[in-house]
Amino acid sequence: MTVFIGENDVWHHRPLYTEIVHRAHQAGLAGASVFRGIEGFGASSLIHTSRLLSLSEDLPVAIVVVDTEERVRAFLPQLDELDELVGEGLVILDDCEVIRYVGRGQDA
């Protein structure tokens, strides 16, 4: 699952991406990462960019959550609870094939 939001989106005075990652962790999902975009646009068609001459304060952010389809779908209601949180943005589900999933200090 990938959630696309703005860098400045907040939930209870903390970044929205932080709330989503922490909820995914509490739900016991396999992993979640946040990626900050350098340029992009969404439904508003307003281009946000990190270029110096047109510096944006609300760059695009993608939160990627990975686990089995069943576990990711079971997590979706957490995002529904945050509807005011993810009021603007995009949530997509993609199939993926995990080739390797090993944590630090674990044997391959």
Side-chain angles (χ1 to χ4, degrees):
M1 171 179 69
T2 305
V3 180
F4 296 93
I5 58 172
E7 183 178 35
N8 290 340
D9 293 344
V10 295
W11 173 255
H12 294 277
H13 308 291
R14 73 187 228 182
L16 176 56
Y17 57 83
T18 298
E19 182 67 21
I20 294 170
V21 167
H22 283 257
R23 286 184 181 218
H25 185 256
Q26 290 169 352
L29 297 178
S33 297
V34 178
F35 301 93
R36 183 178 189 226
I38 59 172
E39 188 166 36
F41 71 93
S44 69
S45 293
L46 178 63
I47 293 179
H48 301 271
T49 182
S50 64
R51 284 182 282 145
L52 189 57
L53 294 177
S54 56
L55 191 60
S56 174
E57 295 181 5
D58 192 22
L59 292 171
V61 172
I63 305 106
V64 178
V65 178
V66 178
D67 207 309
T68 65
E69 179 180 357
E70 296 77 26
R71 292 181 55 112
V72 169
R73 287 190 181 277
F75 179 71
L76 287 174
Q78 292 272 348
L79 296 180
D80 289 339
E81 288 178 21
L82 305 175
D83 190 31
E84 62 190 72
L85 184 81
V86 189
E88 295 179 5
L90 173 68
V91 179
I92 63 171
L93 296 176
D94 284 317
D95 288 332
C96 73
E97 180 180 354
V98 176
I99 303 301
R100 183 176 176 178
Y101 178 62
V102 179
R104 289 187 183 144
Q106 295 178 339
D107 292 331

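Nothing fancy with the numbering, it's 1 onward along the sequence. Everything numeric here is computed off the predicted structure, so don't read it as measured data.
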[X] and [Y]: which non-hydrogen atoms are nearest, and at how many Å?
X	Y	value
A62	T2	CB-CG2, 4.1 Å
F75	A27	CD1-CB, 3.9 Å
Y17	E7	CE2-O, 4.0 Å

Validation row: L16, N8 side chains within 4.5 angstrom (heavy atoms):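 No, side chains not in contact.
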I20 and V3: CA distance, side-chain angles, deciding distance, side-chain contact (heavy atoms from CB on, under 4.5 Å) verdict: CA-CA 9 Å; I20 294 170; V3 180; 4.1 Å; yes
Euclidean distance, H12 NE2 relative to R14 CZ, rounded to 0.5 Å: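 Those atoms lie 10.0 Å apart.
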I63 CD1 to L79 CG distance, which is reported to the nearest 0.5 Å: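 One finds 8.5 Å between CD1 of I63 and CG of L79.
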Chi angles and distances behind the side-chain contact (heavy atoms from CB on, under 4.5 Å) call for L29, V65: CA-CA 8 Å; L29 297 178; V65 178; 3.5 Å; yes
Step-by-step side-chain contact (heavy atoms from CB on, under 4.5 Å) determination, V66 to M1: CA-CA 6 Å; V66 178; M1 171 179 69; over 6 Å; no
Contacts of A30 that satisfy side-chain contact (heavy atoms from CB on, under 4.5 Å) - sequence neighbours left out: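 Result, side-chain contact (heavy atoms from CB on, under 4.5 Å) vs A30: D67, Y101.
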Criterion side-chain contact (heavy atoms from CB on, under 4.5 Å) on V61 and F35, from CA distance to verdict: CA-CA 6 Å; V61 172; F35 301 93; over 6 Å; no
